[in-house]
Amino acid sequence: MQIGEYGGRAGAIAGEASAASRQVPVSGAPDEDGAALSALRDEALVIKSLGFSKPLIARMASRAASHGTTIEQELLASGHVQEEAYYAALARLAGLPFLGTIPDGAVVDGKGLDSQLARPCSVRLHDKTRPPVTVIAPEARRIDHLLASLERHPGLRHSLAIATASSIRRAAWQAGADRRVKATVDGLFEARPDFSARTVLTGRQGFWAGAMTSGVIALLLGAPAIAGAVLHLTLSLLYLAALCLRMAALVHGRRSGRARQRPAALPVVSGGEPLPVYTVMVALYREAEVAAQLIGSLERLDWPRARLDIKLVCEADDTATLSAIRALDPPRHFEIVEVPPMAPRTKPKALSYALSGVRGDYVAIFDAEDRPHPGQLKEAYHTFSAAPANVACLQAPLVIANMRQSWTSALFALEYAALFRRMLPILARYRMPLPLGGTSNHFRIGPLKAVGGWDPFNVTEDADLGMRLYRLGYRSATIRRQTLEDAPTTGAVWLGQRTRWFKGWLQTWLVMMRDPARTIDEMGFAAFATFQLLIGGMLISALSHPLILVFIATSAVAMLQKPAETIGLFEAILFIIDITNILGSYAAFVTLGATTMTAHERKLVGNRWMGIPLYWMMTSLAAWKAVVELRCKPFFWNKTPHRPHETQTQAEAVRAGEPCDPARQPS
């Protein structure tokens, strides 16, 4: 750097700035040390010339050396200076005008504009009344090149201006919004229509569905006794197969628990390499009430702020949520992404829209009401670093925090404990496909983009993405640091949410079954069979549950009216299978969940497990409602309302902060 390029004031403070930067510890090879230290000294010189104190520069430089960032990035992330004030000072140093805001419509969408979403540095402004102006967001470490260019070409001052990086990013989002949202909606369908749920039923599937329905109706009309027996046997055996998977998970979990008396210590990230940029995305719609809680929860994440890219993805016409977030004035590493209103209005469409602006090597997805463990990002990063490259996704366990509020939330908590602390870790251990949860998923950005991101038309986008990753050669695993969230506490809200889930699982099953032979070839038979038991078995169990109860009742009445010696073997076997299905399902539901919970959690659930029969009937109602919705409004997103979580006692907060151990068997 040529000190003379900055004039007398910069030269006068050069010695002080260099002295401050010499306090910075830099690790690495000798040549790298020298280059890094020289870069920090030059950057410190510029920032000192802006009026910042030497101790502050030294602290920021130390962080920059530790995190692999720059002094400027650490300074802006620290909150010691407002972004507008900082870039205005750079503009004064360069002698260029500063634009506080970039006018709407001044930036024209074009090739390469999306690059400004991830690394905003310059955009070109067009105005009919004056020549075009290039707006830049210069970096302190490279300001010498700008000043040298201005000195050599003074005429550049008439065509350059300085704005904040955030202003440039907002202008890029706004200019390319229409193109980007159309590409989001149509992208997966046009690139891989076989993976898109936009087509509910293919022609072949429609033909076979119609043929089978007609056959069943004809058989019921022509030979009702035979048709009833065949239907009874088929449903009972399918129900039993799904139950066997849950029982196998229960037995496997008990054996694993005995094999591991002491849970392994949580992994930690070594201090050698700087942490990468980590993007966190939260899709928000009508969430003004929980905005403050969400920002507070995300602020507790243990990750360097200069390496954190948090995107709050909101619908552009959701003014209440946008106003609530802006009123909170979140830090600079938070970014509001406004999604243009365009059907379908779904969470996966919002996430896919924001994907083009991701800055991180890894992406985490959370929901509006989530309170993730502060160490979850670091555990995910460590796990990714130690895992093979084809491990594209990690699922953190979801723990229900309001289980004592109602019987529905208590049973919801049992259900989540069984799924996230028992079933998914077992599936991951045996390299089987994982039906991901809708939140606390962590992705490598490369594979996520390679498979097309989320399907905007699938209303249970998590399960769909988990299966698509597996089909395309990627694998998913689990981690232990959990996310706390709240379950619905009323039957109406629960029913709406569960209906949407079932509709999405039906969409996923139909997509996977468009070409079963090809799906088996891509997944392998064992994984395909596991998928059928997980998704297909869950759908069959929910849809057929009332019928199984009817079968039990009619069989019992028929057998009571006959002498014992006249009861046929077939009739007796079916009755035993049905009793096993019902009682076994209830028992597995309770045991799978309770054996993975802590004693404190089981105490909060109490005796609400006795409501399981009603809970299963509600589940069946949601499944049948989903079938109807799939026909009438397949892409309708039934929004689950959220409220801020009630204040926890200190003891409950400590217990909630403990990481989940899927293999742990509490007493």
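Sequential numbering from 1 along the given sequence is applied to the chain's residues.
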*Asks:* To the nearest 0.5 angstrom, please state how far the CZ atom of Phe636 sits from the OG1 atom of Thr499.
*Replies:* 10.0 Å
*Asks:* How many angstroms lie between atom CG of Leu434 and atom CG of Asp462, to the nearest 0.5 angstrom?
*Replies:* 11.5 Å
*Asks:* Start with the C-alpha distance between Asn581 and Ser236, add both sets of side-chain angles, then the distance that settles side-chain contact (heavy atoms from CB on, under 4.5 Å), and finish with yes or no.
*Replies:* CA-CA 8 Å; Asn581 282 339; Ser236 296; 4.2 Å; yes
*Asks:* Could you tell me whether the side chains of His642 and Glu287 share a donor-acceptor contact shorter than 3.5 Å?
*Replies:* yes
*Asks:* Between Ser409 and Asp486, is any pair of side-chain heavy atoms under 4.5 Å apart?
*Replies:* no
*Asks:* For a side-chain contact (heavy atoms from CB on, under 4.5 Å) check, start with the C-alpha distance between Val337 and Glu335, then their side-chain angles and the critical distance, and finish with the verdict.
*Replies:* CA-CA 6 Å; Val337 178; Glu335 179 188 6; 4.2 Å; yes
*Asks:* Kindly compute the distance separating CZ (Phe420) from CD1 (Ile400), expressed to the nearest 0.5 Å.
*Replies:* 8.5 Å
*Asks:* Answer yes or no: is there a donor N or O on one side and an acceptor on the other, between the side chain of Lys347 and the main chain of Gly438, under 3.5 Å?
*Replies:* yes
*Asks:* Taking C-beta and beyond as the side chain, do Gln376 and Thr483 meet within less than 4.5 Å on heavy atoms?
*Replies:* yes
*Asks:* Short question: side chain of Lys503, backbone of Lys633 - any donor-acceptor pair under 3.5 Å?
*Replies:* yes
*Asks:* Take His333 and Glu299, measure what side chain to side chain donor-acceptor pair (under 3.5 Å) needs, and give me the verdict at the end.
*Replies:* CA-CA 10 Å; His333 55 278; Glu299 273 290 87; 2.8 Å; yes
*Asks:* Parallel, tilted or perpendicular for Tyr416 and Phe412, by the 30°/60° rule?
*Replies:* tilted
*Asks:* For the backbone of Leu235 and the side chain of Ser544, can you confirm whether one donor and one acceptor N or O come within less than 3.5 Å of each other?
*Replies:* no
*Asks:* How many angstroms lie between atom CG of Asp464 and atom CG of Leu469, to the nearest 0.5 angstrom?
*Replies:* 9.5 Å
*Asks:* Quick one: does any side-chain atom of Arg608 pair with a main-chain N or O of Leu604 as donor and acceptor, under 3.5 Å?
*Replies:* yes
*Asks:* Would you indicate whether the side-chain heavy atoms of Leu534 and Met538 approach each other to under 4.5 Å?
*Replies:* no
*Asks:* State, to 0.1 Å, how close Arg305 and Trp303 come at their nearest heavy-atom pair, and which atoms those are.
*Replies:* NH1-O, 2.7 Å
*Asks:* Does a side-chain heavy-atom distance below 4.5 Å link Val459 with Gln507?
*Replies:* yes
*Asks:* Salt bridge or not for Glu415 and Arg498, using N-O below 4.0 Å?
*Replies:* yes
*Asks:* Measure the CD1-CG distance between Ile552 and Leu547 for me, rounded to the nearest 0.5 Å.
*Replies:* 11.5 Å
*Asks:* Between the side chain of Thr346 and the main-chain N/O of Pro456, is any donor-acceptor distance below 3.5 Å?
*Replies:* yes
*Asks:* Would you indicate whether the side-chain heavy atoms of Pro372 and Leu301 approach each other to under 4.5 Å?
*Replies:* yes
*Asks:* Which heavy-atom pair separates Leu424 from Pro435 by the least distance, and what is that distance?
*Replies:* CD2-CD, 3.9 Å
*Asks:* Does a side chain donor of either His232 or Asp578 reach within less than 3.5 Å of an acceptor in the other side chain?
*Replies:* yes
*Asks:* I'd like to know if the side chain of Arg631 reaches the main chain of Ala626, judged simply by a donor and an acceptor atom lying under 3.5 Å from each other, with no hydrogens or angles considered.
*Replies:* no
*Asks:* Considering residues, nucleotides and ligands other than Trp609, do more than 12 of their heavy atoms fall under 6.0 Å from its CH2?
*Replies:* no
*Asks:* For residues Tyr470 and Phe531, establish whether the separation of their ring centroids is below 6.0 Å.
*Replies:* no
*Asks:* CG of Leu472 to CE of Met467: how many Å apart, nearest 0.5 Å?
*Replies:* 13.0 Å
*Asks:* Compute the centroid of each ring, for Tyr362 and then for Phe384, and state whether the two points are separated by less than 6.0 Å.
*Replies:* yes
*Asks:* I would like to know whether Phe502 and Leu543 meet side-chain contact (heavy atoms from CB on, under 4.5 Å); could you show each step before the answer?
*Replies:* CA-CA 10 Å; Phe502 273 114; Leu543 291 169; over 6 Å; no
*Asks:* Within the distance-only criterion (no hydrogens, no angle test), does the side chain of Arg643 pair as donor or acceptor with the backbone N or O of Glu289 below 3.5 angstrom?
*Replies:* no
*Asks:* Backbone N or O of Pro397 within a donor-acceptor pair of the Arg421 side chain at under 3.5 Å?
*Replies:* no
*Asks:* Which heavy atom of Leu394 sits nearest to which heavy atom of Thr478, and what is that distance?
*Replies:* CD2-N, 4.5 Å
*Asks:* Looking at every non-hydrogen atom in both residues, tell me the closest pair between Gln395 and Asn441 and how far apart they are.
*Replies:* OE1-ND2, 2.6 Å
*Asks:* Start with the C-alpha distance between Ile336 and Val313, add both sets of side-chain angles, then the distance that settles side-chain contact (heavy atoms from CB on, under 4.5 Å), and finish with yes or no.
*Replies:* CA-CA 6 Å; Ile336 300 173; Val313 189; over 6 Å; no
*Asks:* For the residue pair Thr580 and Ile576, establish whether any side-chain heavy-atom pair is separated by less than 4.5 Å.
*Replies:* yes
*Asks:* Could you report the tightest heavy-atom contact between Asp367 and Thr439, atom names first, then the distance?
*Replies:* N-OG1, 3.2 Å
*Asks:* With no hydrogens and no angle check, do the side chains of Tyr615 and Trp494 hold a donor and an acceptor under 3.5 Å apart?
*Replies:* yes
*Asks:* Looking at side-chain heavy atoms only, is the closest gap between Phe334 and Leu298 below 4.5 Å?
*Replies:* yes
*Asks:* For the residue pair Tyr278 and Asp309, establish whether any side-chain heavy-atom pair is separated by less than 4.5 Å.
*Replies:* no
*Asks:* With a 3.5 Å distance limit and no angle check, can you tell me whether Asp455 reaches the backbone of Ala197 through a side-chain donor-acceptor pair?
*Replies:* yes
*Asks:* Less than 6.0 angstrom separating the ring centers of His252 and Tyr430, yes or no?
*Replies:* yes
*Asks:* For a quick test of reading the model, state the closest non-hydrogen atom pair linking Ala623 to Ala542 and the distance between them.
*Replies:* CB-CB, 3.7 Å
*Asks:* Evaluate Arg371 against Glu485 for salt bridge (charged side-chain N to carboxylate O under 4.0 Å, His left out), listing each step before the verdict.
*Replies:* CA-CA 6 Å; Arg371 284 91 69 197; Glu485 68 172 28; over 6 Å; no
*Asks:* When you measure from the centre of the six-membered ring of Trp637, is the NZ or CZ of Arg500 under 6.0 Å away and within 45° of the axis?
*Replies:* yes
*Asks:* Please answer whether the main-chain N or O of Trp501 pairs with a side-chain N or O of Thr460 as donor and acceptor at a distance below 3.5 Å.
*Replies:* yes
*Asks:* Any donor-acceptor pair under 3.5 Å linking the side-chain atoms of Thr508 with those of Asn458?
*Replies:* yes
*Asks:* Salt bridge or not for Arg480 and Glu379, using N-O below 4.0 Å?
*Replies:* no
